[in-house]
Amino acid sequence: MRVILASSSITRRKIMNELNIKYDIITSDVEEKSQKENPTEYVEELSKNKALSVAKKVEDKNSIIIAADSIIYKDGKRYEKPKTIEEAKQNLRELSGSKNQGITGVTLYDTSNRNIKTFSCVTDVTFKKISEDDIEWYVAHEKDLLYKAGYSLEGTMSLFLEKLNGDYYNVLGLPLGKLYTKINEMGYSLKDLD
């Protein structure tokens with residue numbers, strides 16, 4: 001079975017590469033917009049829209065499409081990819097010394113039978129207090145700063161991590177444990193994805 005990752009995310013590609021599963025990348029053409037206020041419904045809808053967009057491009061009837069969308073959420077505010085360095089700094093000030101949630105919505109689309117599964121995963125992340133000097137340093141050294149949903153726990157940001165409750169990979173953008181469970185529920189095992 002052909003595996004298609006409906007994402008241009010560098011981090012999601014790194015995660016897929018670690019799995020030793022061959023996959024192709026086909027990105028969606030949809031604008032990432034949703035009217036949903038609930039954060040899990042929001043990311044689920046965006047992931048579903050991406051999967052359906054990519055499904056229209058896939059002629060192979062023996063494929064499984066994996067689409068995902070991630071946000072950071074705290075006190076009713078969604079943190080997505082910052083548009084500027086200053087916005088990234090402000091995000092870190094707001095997240096400093098507090099708990100937030102990494103939320104990823106995932107949609108699996110089986111082209112053989114048009115079976116679709118959409119789900120989300122939530123991970124609680126608590127940060128230590130981050131000084132202004134450390135924020136400045138982090139922003140200056142995080143090369144993918146404007147491509148992440150608020151922050152990335154890869155590398156330097158992990159220095160400020162106080163506690164994590166849930167799936168680490170979910171915060172990176174692809175909750176592997178739940179993803180595998182849902183693939184199993186669709187009737188597939190790892191050997192089917194090889």
Side-chain angles (χ1 to χ4, degrees), residues 3-19 21 23-58 63-84 87-88 91 94-95 100-111 114-125 142 144-154 157 164-183 185-186:
V3 175
I4 297 168
L5 180 64
S7 176
S8 58
S9 162
I10 296 164
T11 308
R12 288 193 188 104
R13 285 194 310 232
K14 283 183 189 172
I15 293 170
M16 290 295 290
N17 291 342
E18 288 177 16
L19 297 179
I21 294 172
Y23 67 96
D24 297 314
I25 295 172
I26 301 176
T27 57
S28 74
D29 297 327
V30 295
E31 192 174 357
E32 295 186 26
K33 284 194 172 182
S34 170
Q35 299 303 313
K36 303 283 186 188
E37 292 295 325
N38 179 290
T40 55
E41 292 175 4
Y42 178 84
V43 291
E44 286 177 6
E45 180 174 70
L46 292 180
S47 75
K48 187 173 185 179
N49 291 344
K50 290 177 185 179
L52 294 173
S53 169
V54 169
K56 291 176 187 172
K57 302 178 181 182
V58 177
S63 299
I64 189 156
I65 298 166
I66 303 170
D69 193 83
S70 299
I71 60 169
I72 303 302
Y73 189 78
K74 179 191 167 200
D75 298 335
K77 180 176 177 179
R78 285 193 309 261
Y79 294 82
E80 300 184 72
K81 295 173 188 169
K83 294 176 181 63
T84 65
E87 183 183 345
N91 288 351
E94 292 175 17
L95 297 170
N100 63 82
Q101 295 177 312
I103 305 174
T104 299
V106 181
T107 295
L108 300 174
Y109 186 99
D110 185 342
T111 61
R114 296 185 179 175
N115 186 13
I116 191 164
K117 269 194 186 297
T118 300
F119 60 93
S120 54
C121 186
V122 179
T123 301
D124 291 330
V125 180
E142 176 53 70
D144 297 322
L145 184 72
L146 302 182
Y147 300 98
K148 311 280 185 174
Y151 61 80
S152 175
L153 284 184
E154 291 179 299
M157 197 64 188
L164 186 136
N165 185 12
D167 186 332
Y168 169 76
Y169 285 99
N170 177 53
V171 183
L172 298 185
L174 201 58
L176 292 182
K178 202 164 184 181
L179 175 69
Y180 181 61
T181 298
K182 297 299 180 181
I183 287 173
E185 288 174 7
M186 295 177 93

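All values reported here derive from a predicted model rather than from experimental measurement. Basis for what follows: all heavy atoms, side chains included, without hydrogens, waters or symmetry-related copies.
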Quick one, Q101 with V125, criterion side-chain contact (heavy atoms from CB on, under 4.5 Å). Give me CA distance, side-chain angles, the key distance, then yes/no. CA-CA 6 Å; Q101 295 177 312; V125 180; over 6 Å; no
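- A cation-pi contact, defined as under 6.0 Å to the ring centre and within 45° of the axis, links R78 to Y42.
- We find the CZ-OG1 distance between F119 and T40 to be 13.0 Å, quoted to the nearest 0.5 Å.
- With contacts defined as side-chain heavy-atom distances shorter than 4.5 Å, the pair L95/I72 qualifies.
- K56 and D29 are not joined by a salt bridge, as no carboxylate oxygen comes within less than 4.0 angstrom of a charged side-chain nitrogen.
- Take K14 and apply the side-chain contact (heavy atoms from CB on, under 4.5 Å) test, not counting sequence neighbours, and it matches I10, E154.
- Atom CD of E18 has more than 12 neighbouring heavy atoms from other residues, nucleotides or ligands inside a 6.0 Å radius.
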Can L108 and I66 be said to form a side-chain contact (heavy atoms from CB on, under 4.5 Å), step by step? CA-CA 5 Å; L108 300 174; I66 303 170; 3.7 Å; yes
Quick one: side chains of residues 171-183, donor-acceptor pairs under 3.5 Å with protein atoms, not counting sequence neighbours, listed by atom name and distance.
unit_1	atom_1	unit_2	atom_2	d
K178	NZ	S120	O	2.6
T181	OG1	G177	O	3.1

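- Side-chain polar atoms of S47 and T107 form a donor-acceptor pair below 3.5 angstrom.
- Judged by distance alone, the side chain of Y23 and the main-chain N or O of R13 form a donor-acceptor pair under 3.5 Å.
- Looking at every heavy atom in both residues, R12 comes nearest to A68 through NE-CB, 3.5 Å.
- Every residue meeting the side-chain contact (heavy atoms from CB on, under 4.5 Å) condition with E41, not counting sequence neighbours, appears here in chain and number order: K36, N38.
- A salt bridge links K117 to E185: at least one charged side-chain nitrogen sits closer than 4.0 Å to a carboxylate oxygen.
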Mind running side-chain contact (heavy atoms from CB on, under 4.5 Å) on Y109 and L52 for me, showing each step along the way? CA-CA 8 Å; Y109 186 99; L52 294 173; 3.9 Å; yes
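- Within the 4.5 Å cutoff, the side chain of N165 has no heavy atoms near those of the T123 side chain.
- Summarising the geometry, atom OG belonging to S70 is positioned 9.5 Å from atom CD1 belonging to I103; distances are rounded to the nearest 0.5 Å.
- Nearest heavy atom pair, residue T27 against residue S7, reads CG2-C, 4.0 Å.
- Side-chain atoms of N170 come within 3.5 Å of backbone atoms of G102 as a donor-acceptor pair (strictly under, hydrogens ignored).
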Going through the checks in order, is the side-chain contact (heavy atoms from CB on, under 4.5 Å) test met by I65 and V58? CA-CA 9 Å; I65 298 166; V58 177; 4.2 Å; yes
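- Judged purely by distance below 3.5 Å, without hydrogens or angles, the side chains of E80 and Y73 never pair a donor atom with an acceptor atom.
- Looking only at side-chain heavy atoms (C-beta outward), T104 and D69 stay at 4.5 Å or farther from each other.
- Proximity of P39 to I71: side-chain heavy atoms (C-beta onward) are separated by under 4.5 Å at one or more points.
- Residues L164 and L153 are in side-chain contact: their nearest non-hydrogen atoms beyond the backbone lie under 4.5 Å apart.
- Under the 4.5 Å side-chain criterion, counting only non-hydrogen atoms from C-beta, K77 is in contact with E94.
- Remark: the backbone N or O of A67 is not paired with any side-chain donor or acceptor of K48 at under 3.5 angstrom.
- For the pair K50/V54, no side-chain contact is recorded, criterion being any heavy-atom separation below 4.5 Å from C-beta on.
- With contacts defined as side-chain heavy-atom distances shorter than 4.5 Å, the pair L5/D24 does not qualify.
- Inspection of the E44 and T118 side chains reveals no N or O donor paired with an N or O acceptor under 3.5 Å.
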